[in-house]
Amino acid sequence: MFIMEKFREKANELLKEIGVEAEVEEAKEGFGDFTLPCFRFAKLMKKSPAAIAKEFEEKIKKSDYFEKIEAVGPYLNFHISPEKLAKMTLSEIIDGRIFQFKKKDKIVLEHTSANPTGPLHVGRARNPIIGDTMARILREHGHEVEVHYFVNDAGMQVATLLWGIMNLPSIKKHGKCDHVYVRNYQEASKLASEKKEIEGEIRELMKRYESGDEELREFGKEKIGCMLEGIRETLEKINVHIDRFVWESSLIPEAKRIAEELKDYTGEENGAYYVDMKKMGIELQKNKFYLYRNDGTTLYFLRDIAYHLYKGKIARTLVDVLGEDHKLHFYAIKSIVEKLNPKLRITPLFYSFVRLPEGKMSTRKGTVVYLDDLIEEGYRMAMDILKDRNYGDESEKIAESIAYSSIRYSILNVQEEKPIVFRWDKALSFEGESAPFIIYTYARASSILRKGEWKNTYDVKLLTHEQEIKLIKLMAKYPEIIKSSCESLSPYIVARYAYELAMQFNQFYRDCPVLSSSSELRESRLALVHSFKIILGRILKVLGLAALEKM
RNA sequence: GGGCGCGUGGCCUAGCAUGGAUAGGGCACCAGCCUUCUAAGCUGGGAAUCCCGGGUUCAAAUCCCGGCGCGCCCGCCA
């Protein structure tokens, strides 16, 4: 059981002993650790809540878990024994028990899956950052996680790209594929929207691709592969790793087989086929979801069903990280797939878009800020700050770390469903609620430990300062934070916790000198700093941020 | 039009699931703190109709109903 839960349970037990069947709640700052609001007993007991709280206070038994249980107005407040808490927390952190979660089921988590028609832009960046972080948190919680990227190489957009590469000389010749060929894609899109015959040519291309034309497949594989490599490189720069890329075209035969299986639930319209959701007994805002075009080519919807069933062979729990625009699509896929394979559980993690002040970003229209450019700018800004400090060769490494961590954190620190309007200064903020603030705090702790040489001894009785106790309490919450983040599939819970923890360490740093304290206190404080460094380092890793010893 | 999401100081944001004690942070602004462990830090200050209107309740930012504003979706695109 988690440390804080042990205390909570103890409080509930003490209440039960005096005949009160109720659960304590987390208390507000300054009112102890747990509280029992007594308003609810007023009617029954025909007394004021304050009198009831007082009565409970007098009856309740003493326990070594709590240093004080007292009535404050209508509340009965429980104050945890700092000594007991410190003893449990420090030992569990130092020997690693606090990080031992039970092994849990395997999960396939899909994120990003951006069309390989251009470089990743900031509007899309929320997906890999949230997805990658969620995968890390789930792993921390004991799940085995396989991270997937579903590569669209079979749809209209990609056919447009291929047509553009074949028919339009590239304006830009050097650089990463994604930055080069995006011009061909944009130009081809424009031409296709202007001229019907070009759109026809693109459709023809798509048909040939899907029918398995070998020469074209080879060409597509090379070009799309190169685009994808560009995207992959960008992802690696922000510390996002994909375990497996699954190409849509590889699932077409299977998709067609599944369409057969769904035959009883389909309808036909001008030669195109759709799933009739009513026939499947599914109620959604839309009833027809198309599987086939009238030219016989498959649609994304069908391929996505096939893909989810494929993922279902790897794990029973699937997590999809999706933009808010995919909600309807997702619920349709989920209900169909879970019907075809009732053992599967598919859960979404939706996020809202990152927009520009002028509106939505679009690769096709070229109204974007590329993630590569944002990373570059972040690096430049960090280097600028570092030139005044003499870190020499390490500067570049530090600047890279600061750049990607800042970008990740600026996304993670906002609740997923809140819309974000992109601003350079905000995405690359280096102070306040930011990655550099947290990493800086880590570096401060590291610096103390470098100089202090902790001898692996400590006495929790000496850790009585308010800031020491607050820091220990916050650290003790780590397992619950991870659990709660997994249950609600919200990485930002962990991101906020990281900030609070760093902030609390800075309070401690201000009020409690470590190195200059007398030997025993010094050792105990070093143990606290050591524990803090372990736990914050762990959190940084779980958030995919850099942990720097110096900055 | 229907569905989903969002609405908290000048700007950004936490809290909302499980209603409770002074609505917590950050940016910006003002005033301070580097002969002592890293000032990417810390302290203090001003600044809030918690979108609006009803309702439930001893108690509403939080729950319910009705509005308003913004975003997304309602494609033989993905």
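Here is the naming used below: chain letters follow the sequence lines, and residue numbers restart at 1 for every chain. Any value given below was found using the heavy atoms of this structure, including those in side chains, with hydrogens, waters and symmetry copies removed.
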Q415(A) side chain near G5(B) phosphate (N/O to OP1/OP2, under 4.0 Å): no

Sugar-phosphate only, base, or nothing, as touched by T297(A) at under 4.0 Å among non-hydrogen atoms: nothing

Which residues share a ring pair (Phe, Tyr, Trp, His ring centres under 6.0 Å) with Y499(A), sequence neighbours left out: F437(A)

Sorted by number, the residues of residues 424-432 of chain A with heavy-atom contact under 4.0 Å to RNA chain B: K426(A), F430(A), E431(A), G432(A)

Touch class at under 4.0 angstrom, heavy-atom based, for L386(A) against every strand present: base

Nearest-Å distance for atom pair CZ/C1', residues F330(A) and G5(B): 16 Å

Whole-Å P distance, C52(B) and G10(B): 13 Å

Side-chain touch R450(A)/E549(A), heavy atoms, less than 4.5 angstrom: yes

Where protein sits on nucleotides 70-78 of chain B, one letter per nucleotide: B base, S sugar-phosphate only, - none, heavy atoms under 4.0 Å: -BSSSSBBB

Under 3.5 Å, which donor-acceptor pairs link side chains of residues 113-131 of chain A to any protein atom two or more places apart or in another chain?
unit_1: S113(A); atom_1: OG; unit_2: E110(A); atom_2: OE2; d: 2.8
unit_1: S113(A); atom_1: OG; unit_2: F150(A); atom_2: N; d: 2.9
unit_1: N115(A); atom_1: OD1; unit_2: N152(A); atom_2: ND2; d: 2.8
unit_1: H121(A); atom_1: ND1; unit_2: G123(A); atom_2: N; d: 3.0
unit_1: H121(A); atom_1: ND1; unit_2: R124(A); atom_2: N; d: 3.4
unit_1: R126(A); atom_1: NH1; unit_2: S352(A); atom_2: O; d: 2.7
unit_1: R126(A); atom_1: NH1; unit_2: K418(A); atom_2: O; d: 2.7
unit_1: R126(A); atom_1: NH2; unit_2: Q415(A); atom_2: O; d: 3.0
unit_1: R126(A); atom_1: NH2; unit_2: E416(A); atom_2: O; d: 3.1
unit_1: R126(A); atom_1: NH2; unit_2: K418(A); atom_2: O; d: 2.9
unit_1: N127(A); atom_1: OD1; unit_2: T112(A); atom_2: N; d: 2.7
unit_1: N127(A); atom_1: ND2; unit_2: V321(A); atom_2: O; d: 3.2
unit_1: N127(A); atom_1: ND2; unit_2: Y351(A); atom_2: OH; d: 2.9

Could you give the side-chain donor-acceptor pairs of residues 394-402 of chain A under 3.5 Å, partners two or more places apart or in another chain?
unit_1: S395(A); atom_1: OG; unit_2: G392(A); atom_2: O; d: 3.0
unit_1: S401(A); atom_1: OG; unit_2: K397(A); atom_2: O; d: 3.0

Contacts of D178(A) that satisfy salt bridge (charged side-chain N to carboxylate O under 4.0 Å, His left out) - sequence neighbours left out: K176(A)

Sugar-phosphate, base or nothing in reach of N287(A), heavy atoms under 4.0 Å: nothing

Side-chain donor/acceptor of S434(A) to base of A40(B), under 3.5 Å: no

Within residues 481-503 of chain A, residues whose heavy atoms come under 4.0 Å of RNA chain B: Y492(A), R496(A), Y499(A), M503(A)

Closest to side chain of K418(A), choosing from G7(B), A21(B), C58(B): G7(B)

side-chain contact (heavy atoms from CB on, under 4.5 Å) involving E194(A) - partner list, sequence neighbours excluded: K190(A), L191(A)

Contacts of type side-chain contact (heavy atoms from CB on, under 4.5 Å), residue R8(A), not counting sequence neighbours: N12(A), V24(A), E26(A), F34(A)

Residues which pass side-chain contact (heavy atoms from CB on, under 4.5 Å) with E201(A), listed by chain and number, not counting sequence neighbours: W163(A)

Non-neighbouring partners of F508(A) that pass ring pair (Phe, Tyr, Trp, His ring centres under 6.0 Å), sequence neighbours left out: F505(A)

OP1 or OP2 of G41(B) under 4.0 Å from side-chain N/O of Q507(A): no

For H530(A), ring pair (Phe, Tyr, Trp, His ring centres under 6.0 Å) partners two or more places apart: W454(A)

